[in-house]
Each structure stands twice: as C-alpha cells, then as structure tokens.
Amino acid sequence: MPLFADDFIPSTGALPPRARFASDAPSLSLNGEWRFHLVPDVASGTEGFWEPGFDDGTWKRFPVPSHWQLEGFGAPAYTNVVYPFPIDPPHPPEENPTGEYRHTFTVPADWDGHRLVLRFDGVDSAYTVWLNGVELGSATGSRLPAEFDATPAARVGAENVLAVRVHQWSAASYLEDQDMWWLSGIFRDVTLLARPAGAVGDVTVHADYEHTTGQGRLRIDVTAAVGVLQSEGDGARLAGRNSESVEARVVVPELGIDVAAGEDVVVGVEPWTAETPRLYEGQVVTPAELISLRIGFRRVVIEDGMLKVNGRRILFRGVNRHEFHPDRGRALTEQDMLDDVLLMKRHNINAVRTSHYPPHPRFLELCDEYGLYVIDECDIETHGFVFEGWRNNPSDDERWRDAYLDRMRRMVQRDKNHASVVMWSLGNESGTGANLIAMYEWAKAHDASRPVHYEGDWSTVCSDVYSRMYAGHAEVGEIGRREEKPLDDAVQDAARRGKPFILCEYGHAMGNGPGGLAEYQELFETYERCQGGFIWEWIDHGIRTRDDSGREFFGYGGDFGEPLHDGNFIADGLVFPDRTPSPGLIEYKKVIEPLRITVDGAVSDGRLPSSGSPDGGVKVTVSNLHDFADTSTFSYRWQLEQDGIEVASGELDVPVLAAGESADVGVPVSSTAGETWLTVTALLAAETAWAPAGHEVAWGQGCVVPRPEPRRMAHVPATVDESAIRIGTSRFHRHTGRLLRLGEVEVDGPRLDVWRAPTDNDTGQHSGEPAASWRKYGLHRMRHRTDEVDVDGDALVVRTRVAPAAWSFGLLVTYRWTGDDDTLHLDVEVTPDGPWPDIPLPRLGLGMALPAGLTQVTWYGGGPGEAYPDTRQAVRVGRYMSTVDALQTPYVYPQENGHRIDVRWAELTTGGDGVPGVRFLGEPVFGFTARRWTSEDLDVARHPHDLLARDRVYVNLDVVQHGIGSGSCGPGTLPGYVLTPGPARFAVAMRAVNPPR
Ligand code: GAL
C-alpha cells in the first residue's frame with residue numbers, strides 16, 4: 001500500500017464538498033496552541049503519536065494556524081517555476097519534512113446526538129487526521145477545505161485528542177507549483193462543527209438579476225448531508241452526495257420573501273455590482289438550524305463578445321492577490337484580509353484574481369460586502385513541467401483526473417454562493433490537457449451562472465474568455481480590434497475571436513514601476529473587447545527577518561539558505577511586504593480612477609489651457625467612468641496655486657452624472673501673476689464602508705497661467721588666478737574646471753551622469769536587458785577627461801569627454817558656466833562621439849555631491865511621490881517639503897528610486913541652523929534625486945540595510961531618464977520613453993541660500 005502522500009489519490013475519508021455557510025448550530029474553533037514535532041522525513045515519523053495516551057510533554061507549544069517554517073522549524077524556500085525536488089510524479093522527495101501535531105480539547109456535553117464534522121480550511125500539503133487514535137482520513141489540496149466525519153471517534157462531554165500528520169511534500173506538490181514560498185503546515189482554521197439531526201448538507205443560492213425589468217429571481221436549493229468520498233485504488237468515487245432535499249424555508253425579510261427551499265421567487269431588487277455591493281440578509285430556516293446568508297443579485301454573461309454584468313460591459317481594474325503577511329506567510333488574520341480589501345477599495349481597484357488558489361473563505365465574504373469582482377482560481381499549477389517541454393504534465397495524464405476534478409469541485413462548492421465571484425479559473429500555468437477540459441466541463445455542468453477562465457491554453461478550448469499575461473500594448477490593440485494573428489484551427493480561431501479579452505496578469509510591479517499603465521488603460525477604454533486586467537501582483541512576499549547584527553529586513557529567495565531559488569522575483573507587488581503602498585499603487589490608483597477630471601483640456605505636463613468655459617472661468621470636464629454607479633456620492637473641490645502656494649479654493653458644483661456621462665463646469669479664476677495651476681478633486685461626500693468622508697478618489701490638474709521664461713541677469717566676469725577660477729563668490733578647480741564652492745557651500749560640482757542603479761524592470765526576465773548591455777558597454781563606469789578649461793569673457797567653458805574604458809565611443813560634453821550676482825548658470829552641450837552601440841542611456845543629466853548636513857528638501861514641481869517618464873500619472877505640480885531620507889523608496893531589492901519629475905526649483909538646507917544651503921533652478925525644469933549614497937552603492941546593495949549613509953548628499957539633476965517599462969516580466973519600455981543617445985543641450989542654475997542666522 002503506497003503512502004498516501006505518495007499517491008495520485010486526492011483524499012480518503014473526506015466528506016463531499018459543500019458551500020461554506022453560517023449556521024446557528026454550534027461550532028468549536030480548534031485554533032490556538034497545539035503541540036508540535038518536526039521530523040526530517042516520513043521514515044523518522046513518531047510511531048503512535050496519534051494515540052491519545054502518547055506523551056507529547058516534550059513537544060513544542062505551537063500556534064495553529066501557522067507555517068512551521070515561520071515558527072522556527074526548517075526554513076522558507078522560494079522558487080518561481082522550478083520544482084525544488086526531482087520531477088518523478090507521483091513521488092515526493094525522500095527528504096520530506098513532516099509535522100506531527102497534537103491538540104487536546106473538550107467536546108461540549110450538550111453536543112450529544114449531533115453529527116460532528118471536523119473541518120480543515122487549509123493544510124499544506126498532505127495530511128492524515130486521527131481523533132482519539134482513530135484515523136478519520138487524509139487530504140491534499142492545500143488551499144481547499146476538507147471535512148471529516150468525527151462522530152464515531154469523538155467523545156462528547158470529554159477530552160479528545162486530535163492528531164494530524166502533515167507532509168511538506170506529496171504527490172499533490174506537483175499540482176501546487178505556484179510562484180511563491182514553499183510553506184507548510186496547518187495554516188488556516190480548524191473547526192469542529194456540531195450538525196444537529198436533520199441538519200442541512202448544502203445550500204445553493206441562485207440569485208439572478210434581470211436588468212431590463214429590475215427583477216431579481218431567487219431560488220435556494222437545500223439538501224441533506226450524506227456520505228463520504230471514498231477512494232478505490234488510485235481513483236476516487238463519490239459515494240454520497242448532498243443530494244436529498246430537506247424541508248426548509250427561505251426568508252428574506254427585506255424583500256418580503258418567505259418561500260419553500262427550491263421554489264423560484266421573482267421580486268424587484270437592487271442589484272449587486274462591485275460599485276454598488278447591495279446584499280440582502282436572508283435565512284434558510286429548518287427545524288434543526290438557522291442558516292444566515294448574504295445574497296447579492298447579479299447576472300454575469302458573455303454576450304456580443306463581451307463579459308457583461310447586469311447587462312453592461314464591465315472593466316476590470318484588477319490585481320492578482322496572493323495571500324501574504326511578512327510574519328505569518330499565508331496564515332492570514334481577518335484583519336490582514338480586511339486591510340487588503342480596504343487598501344484596494346481606497347486605490348480604485350475593483351477586481352481581484354485570487355492567484356493562484358482559492359483564498360481564505362472570509363476574504364470572499366469581504367469582497368461581497370465591500371464590492372470587488374473576483375476571479376476565483378483553483379489551486380493548480382504545474383509550471384515546472386515546462387522545462388520538460390510539458391512532457392508528463394499532470395494536466396494531460398489521466399491518473400491525475402480525480403485530483404483535478406476534486407480541486408474544482410471543492411472550490412466551486414465552497415464558493416458558489418458569493419456574489420463577488422464572477423468567474424471560475426481552472427488554475428494557472430498548467431499547460432494544456434484533458435484534465436483541464438474535464439474541470440471546465442464539470443464547472444459548466446454544475447454552475448451555469450459563471451464563465452470559466454483559463455490562461456494557459458491560448459486556443460481557449462477550456463476558457464470562456466481569451467486571457468493572456470503580459471501581452472504588449474501593440475498586441476493588445478490588435479486583439480482589441482479582433483485582428484490578432486489567427487490560430488491554425490479555423491473553428492477555434494473563430495470561437496476565440498468572439499470572446500472578450502482580459503489580461504489576467506500585466507504591469508509587473510517588481511521594484512520601481514511598472515511603467516506604461518496609462519497606455520494599457522487607454523487600450524481598455526478604446527476597445528470594447530479589452531475588459532481590463534489584473535496587475536501582477538498585489539503584495540511583495542518579503543519575509544521579515546534579521547541579519548547577524550540584528551538589522552531587520554524583508555528576505556527573499558536565497559536569504560534562507562535555499563540551494564535552488566529565484567531571488568527577489570518574489571517581491572513584485574503594488575504594496576510592500578508590510579502593506580505600505582508603493583509608488584506603483586499610487587500610479588495605478590490614478591490610472592484607473594473612476595472619474596476623469598480634465599482642467600480646460602490641459603494635461604499635467606503643463607500644456608496651456610486652450611479656452612475658457614462658457615461662463616468665463618476655466619473649463620473643467622468631469623466624466624463618470626463607472627460602469628454602474630452615478631456620482632451622487634462625490635463632492636468636488638478646486639484649488640488654485642500660484643508658484644505652488646494656494647491663492648484660492650472652493651467647492652465645485654458638478655451635476656450628478658450617470659455612469660458614462662460627462663459634464664463641463666466652470667471655475668471662476670481671477671487673474672494671477674506667476675505660474676498658476678488649477679487642481680480639482682473628487683472626494684467621497686460621506687463616509688462609506690471602505691473610506692471616510694473626504695477620501696480623494698480622483699483628481700485633475702491643469703495649467704491656467706504658464707510659467708514665465710526664466711530670465712538671466714547681467715553676467716559677472718569669470719576670473720582666473722593661480723589657485724582657482726572664480727565667478728562671483730563661487731570657485732572652480734583651476735585644471736579640471738569643476739565647481740568646488742558654490743558661494744559658501746563646498747561641493748563636488750556637477751558632471752555629466754548617465755548611470756542609474758538598474759531597476760528590476762531594467763533587468764528583463766530572460767534577457768537581462770537593457771541593464772546587461774549597460775554593464776557590457778560600461779555605462780556604470782564612465783570616465784571623465786578634461787580636454788580644455790577656458791575662460792571666455794564672462795564664461796568658464798570646460799570641454800570634456802566622458803567614455804567607458806575598453807570602448808571607443810563616448811560623449812563630448814561642454815559645460816559653460818556664467819554667473820550673475822549670486823547665481824551660477826550652467827549650459828551643457830552633449831554630443832555623442834564614435835560608434836555608439838544600439839542601447840538606451842539609463843539617464844541623462846548631472847550628478848554632484850553636497851555637504852551631508854543638507855538633509856531638508858523643498859521643491860516646486862512634480863510630487864509628492866517619485867515619477868519617471870512612463871510612471872508619472874499620479875504626480876501633480878505643487879510645492880513639497882521632505883527630507884533626503886524620506887525621498888527614498890525602500891524597494892525590497894535596492895534600485896534606482898526617488899526621482900521627482902518636472903522640478904522648477906529645489907532647495908536643500910540643514911533645516912535652519914544658519915548653515916547655508918543650495919537652491920537649484922530649472923531652465924526650465926529638471927528631474928531631481930537626492931540620496932545619502934551613490935548610484936554605485938545602490939547598484940551593489942542587495943537589501944535596503946546594505947545602504948549606509950556617506951558623508952555627502954548626492955544629487956542628480958536629470959534632463960530625462962529612460963522609461964521604466966515592465967520588462968522584469970513583460971514588455972520593456974515603450975518606444976516613446978526610450979532614451980536614445982543623441983545630441984542634447986540643457987541648462988540649470990544654482991545658488992547658495994543663506995537662512996537667517
Ligand atoms: C506569471 C505567473 C505568476 C508570476 C508572474 C511573474 O507567469 O503566473 O505566478 O510568476 O508570472 O512574477
């Protein structure tokens with residue numbers, strides 16, 4: 001008899017899957033302190049540990065739910081695609097850490113006569129359960145529930161000993177190759193349910209909505225509980241089903257419904273959508289128990305080549321969500337789940353793909369309640385077989401059929417009553433094959449109310465939508481026009497061409513970025529077929545850990561001694577491991593905002609307004625991009641800022657707009673002097689379930705009065721003496737022409753800088769590009785040679801050549817310095833020299849160093865957050881204050897960050913101890929970065945705590961940076977944001993500023 005963990009059988013002794021519902025019948029949480037013992041392999045297992053009399057006094061006290069690797073037993077390990085054991089299904093490796101769990105509890109005496117059901121909501125990866133020494137069964141399917149009948153083994157009114165043996169690896173591990181940490185153990189709740197005589201087995205809610213009539217149709221099927229799943233050889237047979245109906249009434253007081261279970265009732269309702277998550281409280285009443293339900297009426301169909309909810313095309317503004325907490329792994333608390341939902345709602349996200357397994361069931365209740373569309377994904381991924389050319393892929397091997405179907409059944413049955421679940425997904429990256437088709441067919445036969453999704457088979461034979469990951473913008477455009485390259489099979493091609501399109505993963509949020517989101521959104525809004533997408537992914541899975549000297553950091557692959565790992569590819573989320581929003585989330589919030597506000601047609605890069613509104617003010621256009629909701633929940637404010645200082649503000653009246661409508665309104669603007677911007681914000685007028693009143697949902701900004709051309713004053717002469725060159729109070733090196741003192745401030749004066757510490761997105765997943773070429777051609781080690789230092793009238797002219805060792809190409813750079821009373825002006829001219837390779841530049845600008853004490857930063861320009869040419873939607877023109885430290889974005893893997901865009905001026909000071917600071921002035925604008933370490937330090941650091949403050953503040957003033965793109969997994973920088981080397985001229989001014997003493 002093969003060991004259970006070594007077999008294709010999905011489970012033994014488990015009860016048939018059913019919906020999760022809340023009953024007033026009693027239950028007992030068995031979460032809490034257990035006893036735990038870890039053995040290195042199955043053979044070392046403790047004989048008889050499941051016997052009630054076994055002495056576990058020396059075993060560790062241990063929390064359930066949890067992962068043992070995060071509780072001091074073994075270590076987490078991260079691989080993306082590769083299996084960390086030899087591929088030889090169904091065999092797991094012999095080194096198979098096995099957790100032995102024991103828990104003692106008392107079954108209440110008044111549970112006598114009840115059937116007792118023991119439920120495990122998630123155990124990774126295969127486990128066997130004993131109660132009082134009696135084996136109840138075994139299960140796999142880490143992120144799926146399993147229930148066992150505990151009645152015969154339980155001792156009511158007395159102490160019971162529950163024992164569970166959990167293997168880290170099992171045959172099922174071949175089906176669970178998701179890109180995440182390998183973490184084991186009982187990581188979700190364990191509950192003992194008392195099921196009274198005559199209790200309900202299963203409840204199925206059919207709550208349809210007909211948008212043309214406004215009528216909801218409700219039918220709730222209720223069946224009695226019978227049978228267990230029985231296994232035969234390596235197949236599994238459903239011996240009993242929750243099929244016999246029971247006598248029950250369905251009551252929905254708010255709708256005046258009181259009908260027998262199984263009866264159809266049609267009644268006028270408010271429908272459920274993610275924007276308007278209307279739920280009705282209902283009950284199933286039987287003589288034995290009362291079951292509470294929250295019912296949302298909605299209809300999901302594919303019609304006219306589009307996915308529609310309640311008759312309308314919807315747009316997914318989605319994210320892929322793994323369950324993760326930096327200390328608890330996938331053992332989430334309810335608060336963690338709520339934190340995710342609230343953060344998503346507050347950032348305009350309306351959809352979640354539960355990548356790549358069904359989430360904790362509570363998460364779906366929150367999605368119903370707060371309003372998020374869910375693609376509920378089954379716990380299947382066999383990606384590691386890709387290295388074998390998909391040979392022996394379980395997805396196409398009949399021996400795995402039961403395991404595939406078992407997983408689909410358990411997901412659909414558990415989650416079928418959630419209004420939020422709008423599609424089932426078969427799993428992720430599991431190739432193609434008959435088992436996936438069988439899952440698809442099972443889902444269609446058992447739930448006609450939801451389309452099915454699967455990305456891994458582009459012929460879409462087992463998917464109702466055409467789904468892709470990381471398709472580039474151009475291809476998405478083709479698909480949107482239904483002009484994509486045809487499939488070989490004409491029938492399949494025609495079928496696919498008629499299906500809606502989603503990007504189940506796009507915008508790889510690894511480190512700095514992703515770039516190009518606005519361009520994707522434009523495609524989604526242009527082509528009806530493109531129904532949005534799901535950013536990869538929600539959260540960085542960094543595990544909180546410490547180095548030898550106790551410094552805390554978020555660990556990634558390789559930080560826990562794994563011989564095989566995928567490094568920091570695990571840190572690719574919109575929120576950091578501690579759920580702090582990253583700049584990527586702020587950008588996404590702006591890109592997907594459900595109201596679009598444009599101020600007089602101006603765009604935030606400062607283009608001029610074209611015309612005033614009819615009533616003489618500035619024209620503001622508000623468009624409602626919701627699919628359903630009107631704008632009655634919003635209030636609006638306007639704010640006029642002159643040179644970044646507010647000069648006027650007020651409330652703005654905007655008529656209530658139905659979904660899809662727009663309106664123009666005027667904001668009366670009195671004439672101002674100086675650069676003036678009008679910002680209009682849409683705020684929640686009243687508190688909602690997910691955010692307080694005043695929460696900002698959307699905004700628009702436009703330039704009302706442009707910035708006057710910066711003017712240069714009369715020049716002071718440049719002079720030379722033995723020791724230095726001087727312009728006004730500033731001093732330059734006699735031989736290199738480099739600025740040494742700016743007024744009273746000692747500086748390592750500006751030089752051309754083309755290097756940035758590559759971002760994850762600069763390091764393309766397979767090619768390593770463009771960073772690999774940057775290094776090959778030495779852009780990280782450019783040398784500067786001074787060819788000429790010339791005082792030419794009022795100007796100091798320095799001619800240099802900047803080039804990498806080992807190559808003959810370079811950049812000729814001329815710096816022309818002039819000065820007026822207190823300000824230095826620098827004109828820079830850059831000309832490529834020699835045979836340049838076909839690579840972009842990381843950045844083009846100036847780098848310099850200032851005294852370490854200049855830590856306070858004020859600037860006028862784009863802010864408050866970082867921005868790059870293709871990640872700049874979320875910044876607005878304003879005046880901002882920060883510190884050098886606070887300007888840094890602590891990406892889990894250090895890389896270029898913190899760049900502020902379109903800066904008119906920036907000032908660095910000590911914060912007022914009489915020490916002079918520095919002000920940089922754009923002619924007209926520059927990109928600003930300041931940090932306590934160099935780009936080279938940033939480049940070599942592997943974790944944020946590797947970055948140690950030097951005794952200087954390093955400042956970059958950029959003309960432009962290369963775009964960010966999404967190349968860490970997906971398309972690189974869009975052509976419009978590629979920084980191609982070419983002739984360039986730019987100018988900047990600077991002066992010392994003296995705070996009052
Ligand atoms: C996809 C996969 C995800 C993740 C992502 C890269 O191919 O579905 O699970 O690995 O790539 O981060």
Side-chain angles (χ1 to χ4, degrees), residues 77-84 142-143 175-183 318-324 330 352-359 375-387 390 393 395 425-432 436 453-458 463 465 467-472 502-515 533-542 556-557 564-577 582 584 588 759-768 891-893 895 964-972:
Y78 165 57
T79 59
N80 170 10
V81 182
V82 293
Y83 288 104
S142 298
R143 273 68 58 170
L175 308 187
E176 297 181 358
D177 189 29
Q178 290 94 341
D179 175 5
M180 60 190 191
W181 294 103
W182 296 98
L183 293 170
V319 288
N320 281 280
R321 174 182 180 269
H322 265 285
E323 296 185 312
F324 188 73
R330 290 187 286 276
V352 176
R353 172 175 176 236
T354 68
S355 55
H356 300 299
Y357 42 81
I375 299 184
D376 197 1
E377 188 149 282
C378 201
D379 193 359
I380 293 194
E381 176 160 341
T382 63
H383 204 178
F385 284 86
V386 73
F387 299 115
W390 293 107
N393 181 16
S395 300
S425 176
L426 303 182
N428 187 56
E429 296 185 318
S430 300
T432 58
L436 294 164
H453 166 271
Y454 180 60
E455 186 275 344
D457 183 353
W458 292 4
S463 184
V465 294
S467 173
R468 291 278 303 278
M469 43 177 82
Y470 309 111
I502 63 162
L503 278 168
C504 71
E505 294 179 25
Y506 82 113
H508 199 248
M510 185 176 179
N512 188 334
F534 297 76
I535 295 288
W536 186 266
E537 67 175 308
W538 173 242
I539 187 167
D540 286 341
H541 314 204
Y556 48 76
L564 198 62
H565 65 82
D566 287 297
N568 68 315
F569 209 64
I570 192 82
D572 51 4
L574 290 175
V575 297
F576 292 112
S582 79
Y588 193 44
T759 64
D760 289 319
N761 282 313
D762 288 335
T763 314
Q765 190 187 12
H766 301 296
S767 63
Y891 291 112
V892 167
Y893 188 90
Q895 55 197 277
I964 296 295
S966 191
S968 56
C969 183

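Just so it is clear, the values below take in all heavy atoms, side chains as well, and ignore hydrogens, waters and symmetry mates. We count residues from 1, following the sequence as given. Counting starts at 1 for both ligands and their atoms, following the listed order. Please read all numbers here as calculations on a predicted model, not as lab measurements.
Considering each of Q765, E429, H383, H356, the one bringing a non-hydrogen atom nearest atom 9 (O) of ligand 1 is H356.
Taking the six-membered ring for Trp and thresholds of 30 and 60 degrees, H541 and F324 have nearly parallel ring planes, at less than 30 degrees apart.
Under the side-chain contact (heavy atoms from CB on, under 4.5 Å) rule, P359 has a single partner from E323, R330, H322, which is E323.
Within a 6.0 Å radius of CH2 in W458, no more than 12 heavy atoms belonging to other residues, nucleotides or ligands are found.
Of the protein's non-hydrogen atoms, Y470 OH, 3.3 Å is the one closest to atom 5 (C) of ligand 1. Looking from atom 4 (C) of ligand 1 to the surrounding protein, the closest heavy atom is D179 OD2, 3.1 Å.
Contacts with ligand 1 closer than 4.0 Å are made by side-chain heavy atoms of E505 only, the backbone lying farther away. Only the side chain of N80 comes within 4.0 Å of ligand 1, judged by heavy-atom distances. Residue-level proximity to ligand 1 for M469 is carried by the side chain, the only part with a heavy atom below 4.0 angstrom.
Within ligand 1, counting atoms from 1 as listed, the ones closer than 4.0 Å to a heavy atom of H508 are 6 (C), 12 (O). Taking every heavy atom of N428 and a limit of under 4.0 angstrom, the matching atoms of ligand 1 come to 2 (C), 8 (O), 9 (O). Residue contact check: D572 has heavy atoms under 4.0 Å from atoms 12 (O) of ligand 1.
Between Y506 atom OH and F534 atom CZ the span is 9.5 Å, to the nearest 0.5 Å.
Side-chain contact check for D760 and Q895: at least one donor-acceptor pair (N or O, by modelled atom type) lies under 3.5 Å. Side-chain polar atoms of T759 and D762 form a donor-acceptor pair below 3.5 angstrom.
Residue-to-ligand polar distances keep E381 apart from ligand 1: every N/O pair is separated by 3.5 Å or more.
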**Report entry** Evaluation steps, ring-ring contact (aromatic ring centres under 6.0 Å, His included), between H565 and W181
**Finding:** CA-CA 10 Å; H565 65 82; W181 294 103; 9.5 Å; no
